[in-house]
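One structure is given here, and the rest of the page talks about it.
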Protein chains: 2
Amino acid sequence: MAQAEGAEKSGSRAENREETERAILDAAEVVFAQSGFGGATMQAIADRARLPKANLHYYFASKEKLYRQVVERIFTIWLEAAASFDTEAEPEAALRRYIQRKMQVSREQRHGSKVWANEVMHGAPIIQDYLESALKSWTDSRIAVINRWIAEGRVRPLDPRWLLYMIWATTQHYADFAHQIETLNAGPLSDAQWAEATETVCGIILRGIGLEPADGLA
Amino acid sequence: MAQAEGAEKSGSRAENREETERAILDAAEVVFAQSGFGGATMQAIADRARLPKANLHYYFASKEKLYRQVVERIFTIWLEAAASFDTEAEPEAALRRYIQRKMQVSREQRHGSKVWANEVMHGAPIIQDYLESALKSWTDSRIAVINRWIAEGRVRPLDPRWLLYMIWATTQHYADFAHQIETLNAGPLSDAQWAEATETVCGIILRGIGLEPADGLA
DNA sequence: AACAGACCTGACCAACCAGTCAAGTTTAAA
DNA sequence: TTTAAACTTGACTGGTTGGTCAGGTCTGTT
C-alpha cells in the first residue's frame with residue numbers, strides 16, 4: 001500500500017493522477033488562503049493532502065507552479081460566475097442573477113476567493129495577463145450593456161464601473177472577511193442569513209441604480 | 001555620522017527615537033502590504049527604512065511585535081474614521097459622511113488598509129480581541145441607530161448589518177483591489193474619478209436604503 | 001573632562017524551507 | 001513473466017531568514 005488518500009479506490013492510472021493532483025490543489029488552496037504565498041510551506045500543504053512533501057514536487061515542479069495552478073483554477077470559477085451576467089436579460093434580472101451567483105461563490109469557494117484577493121492585493125504578479133485580457137474584455141462588454149440601459153432610461157445615469165466594483169467588493173467581502181463577519185455574528189451565517197444578506201444586497205443595489213425590484217424570492 | 005534618515009535633523013533623544021520608530025513602521029507597513037506577513041523579510045523592511053537590519057531589532061524585538069504595532073496603528077485610523085459615523089446626525093448626512101471618510105482612508109492609507117485586510121483574511125490571529133471588543137461595540141451601536149431610523153420610517157426595513165458590510169466592503173475595495181482597478185483604468189484614478197466614485201457609491205447606497213439624496217457636492 | 005547609558009551595526013548562527021535524489025515499489029503492457 | 005515506465009518517499013542540501021551579540025559611537029549629565 002502506498003496510496004494517497006485514506007480511502008482511495010484504485011482507479012486507472014490517469015484517474016489516480018487526476019485525483020491526487022486535485023487533492024494537492026485543494027490542500028494548497030486552503031493553505032495559501034490561510035497563510036499567503038510567502039507564509040505557506042510545502043510541508044504544510046503536504047500534511048494537509050496527507051502526502052510526503054517529495055510527492056508534491058513530483059506533481060508540481062515548484063511552489064510557484066503549484067500556486068499558479070491554484071490561482072488559475074479560481075479564475076475559471078470567476079469566469080463561470082461572470083458568465084451569469086446575461087447581457088440579453090432585463091437589467092433587474094441580469095444584475096440580480098449575477099449578484100446571487102457571486103454571493104454563492106463567496107460562500108462555497110471561500111478559500112479560493114481569498115487566494116484571488118491575496119493575489120490581486122499583492123499586485124497580481126501571477127495573473128496580471130488575465131486582468132488585462134479576460135477581465136478587461138468582460139468588464140468592457142458589461143459596461144457597454146449598462147450604458148445601453150442608461151441610454152434607454154432604464155437605469156439612473158452613472159459610470160458603470162463604480163457599480164461593478166461595488167458588486168465585486170460586496171460579494172467578495174463575504175468570503176474575504178468571513179472571519180470578521182463570523183466574529184460579529186458569533187458563528188457562521190445560517191442559510192437564512194445568507195439568503196437575507198443576498199436579498200438585501202440585491203435590494204440596495206437595484207434600488208440604488210433606479211430600479212424597483214420585485215421580491216427576488218424566486 | 002550614524003543617523004538613520006539621510007536628512008535627519010538632530011532633535012532631542014526622544015524626538016529621534018520617535019522619528020526612527022515611525023520610519024520603521026512606515027516601511028514595515030508597505031512591505032507587509034506588498035508581501036504579507038510570511039512573505040515580508042526584516043531585510044526588506046530595513047532596506048526600505050534605510051537602516052541596518054540589526055537596528056530594527058533594537059527598536060522592535062521581533063518581526064511579530066513589529067507587525068503587531070503596524071496593525072495596531074491601522075486600527076487607530078480605522079477607529080477615527082468610524083467616529084465620523086455621527087449617531088446624532090440625520091441618516092443621509094451621517095452615512096454620506098462616513099462613506100466619504102472611508103473612501104478617503106482607502107485612498108490615503110492604501111498600504112494600511114491592505115495590511116488590515118490581510119490580517120482579517122488570515123483569521124485575525126493578532127487582532128481578534130479588537131474585533132470582539134472595539135469593533136463589536138461600535139457595530140452594535142450603529143446597528144441600533146440604523147434600526148431607530150427604520151422604526152421612524154426614515155429608512156427602508158433591512159438588517160443594518162448587511163448595509164454596514166456593504167459600506168466596509170465597497171470602500172475598502174478601492175484600497176485592497178487598487179491594482180485591479182488601476183489595471184482596468186490604465187492608471188491611477190484621478191481626483192475627479194475618486195470624487196465621482198465616492199458620489200456614485202453614496203448615491204447607490206442612500207437610494208438603495210430608501211433615502212432621496214440631494215447631490216453631495218458640499 | 002569623565003562617565004553612563006542610549007544608540008548603532010557588521011558579523012555571525014541556528015532554524016527552517018524549497019527543492020533534489022537515489023533507491024525503492026507499483027502498474028500496465030508486451 | 002518480463003520489462004519499462006510511472007509513481008513513491010526518506011534522507012539530504014544549499015540558500016535564506018529571524019534573531020543575537022560584541023564592540024563600537026554618540027549624547028546628555030555631573
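Chain letters run A, B, ... following the sequence lines, proteins first and then strands; every chain starts at 1. Everything numeric in this text was worked out from a predicted model, so none of it was measured.
Residue order along DNA chain D, read from the 5' end via each residue's closest nucleotide, puts Tyr59(A) first among Tyr59(A) and Lys53(A). Heavy-atom distances to DNA chain C give each of Pro52(B) and Ala54(A) a nearest nucleotide, and the one nearer the 5′ end belongs to Pro52(B). Comparing Leu56(B) and Ser62(A) by the nucleotide of DNA chain C that holds the closest heavy atom to each, the one mapping nearer the 5' end is Leu56(B).
Note: NE2 (His57(A)) to P (dA18(C)) measures 7 Å, nearest angstrom. Distance, Ile24(B) CD1 to dT9(C) C1': 13 Å, rounded to whole Å. Rounded to an integer number of Å, the gap from Arg50(A) CZ to dT8(D) P is 16 Å. Rounded to an integer number of Å, the gap from Leu66(A) CG to dC17(C) P is 16 Å. Atom CD of Glu19(A) and atom P of dA6(D) are 20 Å apart (whole Å). Residue Glu15(B) contributes atom CD, which lies 20 Å from atom P of dC26(D) at whole-angstrom precision. Between the CE atom of Met42(B) and the C1' atom of dA14(C) there is a distance of 17 Å, given to the nearest Å. Rounding to whole angstrom units, CG of residue Asn55(B) and C1' of dT25(D) are separated by 13 Å.
Residue-level contact check: Ala46(A) touches neither bases nor backbone, having no heavy atom under 4.0 Å from any strand.
Side chains of Gln172(B) and His173(A): no donor on one and acceptor on the other come within 3.5 Å. Checking Gln34(B) against His111(B) by side-chain atom types alone, no donor-acceptor pair falls below 3.5 Å. A donor and an acceptor atom, one from each side chain of Glu108(A) and Gln104(A), are located under 3.5 Å apart.
A close approach under 4.0 Å does occur between a side-chain nitrogen or oxygen of Tyr58(A) and OP1 or OP2 of dC7(D). OP1 or OP2 of dA6(D) has not a single side-chain nitrogen or oxygen of Arg17(A) nearer than 4.0 Å.
Taking the side chain of Thr41(A) as heavy atoms from C-beta on, and the options dA18(C), dG18(D), dT9(C), the nearest nucleotide is dA18(C).
In this structure, Tyr98(B) and Phe85(B) have tilted ring planes: the angle between them lies in the 30° to 60° band.
Checked against Trp116(B) for a ring-ring contact (aromatic ring centres under 6.0 Å, His included), the options Phe32(B), Phe75(B), Trp168(B), Tyr130(B) give a single hit: Phe75(B).
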